[in-house]
Amino acid sequence: MIGAELLSQIDSRLKQITGNFKVHFGGLDIILIGDLRQLPPVRATPIYKQIKRQIAGSTLWRGLKFFELNEVMRQANQSFATILTKIGNGQLLDQEELDLIESRIYSEEEAERLCPDGIRLFFNNHSVAEYNNKILNSIEEKVNSEATDIYIGCRNVEQQTSMRQKLHKMSTIDTGGLPYQITLVLNKPYMITTNIDVSDGLANGATGKLIFIEYNDKGEIGRLWLEFPESPKIGEKLKRKAAASIQKNNLHPLAVPIDRRTSSIPLVPNKTVIVKRNHFPLVSACAMTIHKSQGATFGEIVYEYDKSHVQQLLYVALSRVTSINGLYLVSKKNEILPWPKSVSIYN
């Protein structure tokens, strides 16, 4: 998903390339595909609004022609697909539709028992980290992988210590998608945190199951292997290149290798102090935020619902799952919350 700022940058760049500054996008045809019912991009203006740095002027969005796609591909069940469309549009649900949604409400204990491997969707990062840590720490057989950080530009030990403390407080968004530490547990889900090869489906947010940890001659973790059962086409090009390694390690043909990457992370505004971090672009995905789940498809989810969740949050969370039978709704402290007939009451 892109925001209004990025759309404006695309427009400017295409005008520079074509030399045609009189019409939008340099007179070229562009195709944008998306779902406007979903959440707007983080740290960006929604694509259909005026960008913040402009007081006035034309909105690029208004110059686009709109074509609606009306066939739902993720959910095969028509009744469930209709409910999701209504929620996305803020329309009233009839009693039968309400009963169907409310039939998926469970206590946290029931959800843990009935859906132990389902992806947990939470509103905030704190809840996500808490759940991921709880699950991974409860498993005895695990491996911890730490990043290799090389500091450049520090004047003395004290400054390097200060920079290290600052670095460890930064989110993966600001570290090139490379976390400091990853707890690795086989057969648990992990999410790619940077664009490895978008054309091959290996994009930020793609989630797969860890099936193998490969070590190099020094006994260090040299490569991680994931499977993407919900999206088997992910990593097709990479799988062909790694065919020999797949055979050597006796892995499933759908196994996709994830190699280490390096990112230069500025630690001061003028970039005179940076750190070069080398690590795997992965984080645990036993749980994730609703924002991060956008674009993903799962066979089972456990969604922590709260009546304060706005329409877009509700729509995105519910529409990640392929079937109503894979949907489990819980709430904090197992409170019994009435399901709204229309989520438009939130707005």
Side-chain angles (χ1 to χ4, degrees), residues 1-2 32-42 46-48 66-106 110-111 114-115 117-124 127-128 189 191 203 205-207 228-231 285 287-332 336-347:
M1 182 171 287
I2 65 173
L32 304 177
I33 301 173
D35 187 350
L36 295 178
R37 302 182 185 96
Q38 295 193 33
L39 294 158
V42 178
I47 194 171
Y48 47 82
F66 177 71
F67 299 91
E68 184 175 4
L69 304 178
N70 50 34
E71 182 180 355
V72 178
M73 303 301 293
R74 182 177 281 119
Q75 292 83 23
N77 182 277
Q78 186 58 47
S79 298
F80 185 39
T82 299
I83 290 173
L84 294 177
T85 300
K86 281 188 171 183
I87 291 175
N89 293 336
Q91 297 172 329
L92 287 170
L93 303 182
D94 61 36
Q95 191 58 50
E96 185 177 346
E97 292 166 337
L98 279 171
D99 291 342
L100 182 59
I101 290 292
E102 290 180 347
S103 72
R104 307 308 302 171
I105 296 177
Y106 297 87
E110 288 174 325
L114 297 171
C115 188
D117 297 322
I119 301 293
R120 266 58 180 173
L121 298 184
F122 295 98
F123 173 67
N124 58 57
S127 298
V128 168
M191 180 192 296
T207 303
F228 299 86
E230 301 293 339
S231 306
M288 65 182 71
T289 63
I290 301 168
H291 280 82
K292 197 65 179 177
S293 74
Q294 284 198 130
T297 300
F298 304 110
E300 291 182 320
I301 65 164
V302 178
Y303 163 39
E304 187 180 81
Y305 162 72
D306 188 272
K307 62 183 179 181
S308 65
H309 289 180
V310 296
Q311 175 182 334
Q312 293 95 331
L313 273 172
L314 195 60
Y315 172 73
V316 169
L318 297 180
S319 60
R320 296 310 92 202
V321 68
T322 55
S323 165
I324 185 70
N325 294 324
L327 174 64
Y328 296 80
L329 299 168
V330 299
S331 59
K332 288 182 179 179
I336 302 300
L337 298 173
W339 194 264
K341 272 195 171 184
S342 170
V343 291
S344 62
I345 61 174
Y346 293 143
N347 298 329

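For reference, positions follow the sequence shown, starting with 1.
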Exercise. So do Arg37 and Ile87 actually touch side chain to side chain, heavy atoms under 4.5 Å?
Worked result: no
Exercise. Who passes side chain to side chain contact (heavy atoms under 4.5 Å, CB included) against Ser231, sequence neighbours left out?
Worked result: Ile234
Problem set entry | Those residues that, when tested against Asp99, pass salt bridge (charged side-chain N to carboxylate O under 4.0 Å, His left out) (two or more places apart) | none
Exercise. Looking at CD1 of Ile105 and CD of Glu110, how far apart are the two atoms once the value is rounded to the nearest 0.5 Å?
Worked result: 11.0 Å
Exercise. For Pro46, what residues pass the side chain to side chain contact (heavy atoms under 4.5 Å, CB included) criterion, not counting sequence neighbours?
Worked result: Pro40, Tyr48, Lys49
Exercise. So do the side chains of Tyr106 and Leu114 get within less than 4.5 Å of each other, counting heavy atoms only?
Worked result: yes
Exercise. Do the side chains of Ser293 and Ile119 get nearer than 4.5 Å, heavy atoms only?
Worked result: no
Problem set entry | Contact summary for Thr289 and Leu121, nearest pair of heavy atoms | O-CD2, 4.5 Å
Problem set entry | All ring pair (Phe, Tyr, Trp, His ring centres under 6.0 Å) counterparts of Phe228, not counting sequence neighbours | none
Exercise. Are any side-chain N or O atoms of Gln38 and backbone N or O atoms of Gln294, one a donor and one an acceptor, separated by less than 3.5 Å?
Worked result: no
Exercise. Atom CD1 in Ile301, atom CG in Leu318: separation rounded to 0.5 Å?
Worked result: 6.5 Å
Problem set entry | Rounded distance [0.5 Å steps], CG in Leu98 versus CG in Leu92 | 9.0 Å
Problem set entry | side-chain hydrogen bond (donor to acceptor under 3.5 Å, both in side chains) involving Gln78 - partner list, sequence neighbours excluded | Thr82
Exercise. Mind checking what makes ring pair (Phe, Tyr, Trp, His ring centres under 6.0 Å) contact with Phe298, not counting sequence neighbours?
Worked result: none
Problem set entry | Val316 to Leu39 - nearest heavy-atom pair and separation | CG2-N, 3.8 Å
Problem set entry | By salt bridge (charged side-chain N to carboxylate O under 4.0 Å, His left out) - contacts of Arg120 (at least two apart) | Glu112
Seminar exercise, completed: For Glu97, the salt bridge (charged side-chain N to carboxylate O under 4.0 Å, His left out) test, sequence neighbours excluded, returns Lys86
Problem set entry | Interatomic spacing from CE in Met191 to CE in Met288 - rounded to 0.5 Å | 3.5 Å
For this session: Check whether any side-chain heavy atom of Leu314 sits under 4.5 Å from a side-chain heavy atom of Tyr305, and report yes or no.
Result: yes
Exercise. So, for Val302 and Ala111, which heavy atoms are closest and what is the spacing to 0.1 Å?
Worked result: CG1-CB, 4.0 Å
Problem set entry | Pairwise side-chain contact, His291 with Leu313, heavy-atom cut-off 4.5 Å (strictly under) | yes
Exercise. Would you say the side chain of Tyr328 lies within less than 4.5 Å of the side chain of Glu300, judging by non-hydrogen atoms?
Worked result: yes
Seminar exercise, completed: Nearest heavy-atom contact between Ala285 and Thr207 is CB-CG2, 3.8 Å
Exercise. Is there a side-chain contact between Ile47 and Leu32, using heavy atoms and a 4.5 Å cut-off?
Worked result: yes
Problem set entry | Test side-chain hydrogen bond (donor to acceptor under 3.5 Å, both in side chains) applied to Thr297 - qualifying residues, sequence neighbours left out | Arg74
Exercise. Got a second to check how far Gln95's CD is from Glu102's CD, nearest 0.5 Å?
Worked result: 7.0 Å
For this session: Find out whether Ile290 and Tyr303 are in side-chain contact, i.e. whether some heavy atom of one side chain is under 4.5 Å from a heavy atom of the other.
Result: yes
Problem set entry | Pairing residues for Asp117 by the side chain to side chain contact (heavy atoms under 4.5 Å, CB included) criterion, not counting sequence neighbours | Lys188
For this session: Could I get the full list of side chain to side chain contact (heavy atoms under 4.5 Å, CB included) partners for Ser127, not counting sequence neighbours?
Result: Phe122, Asn124
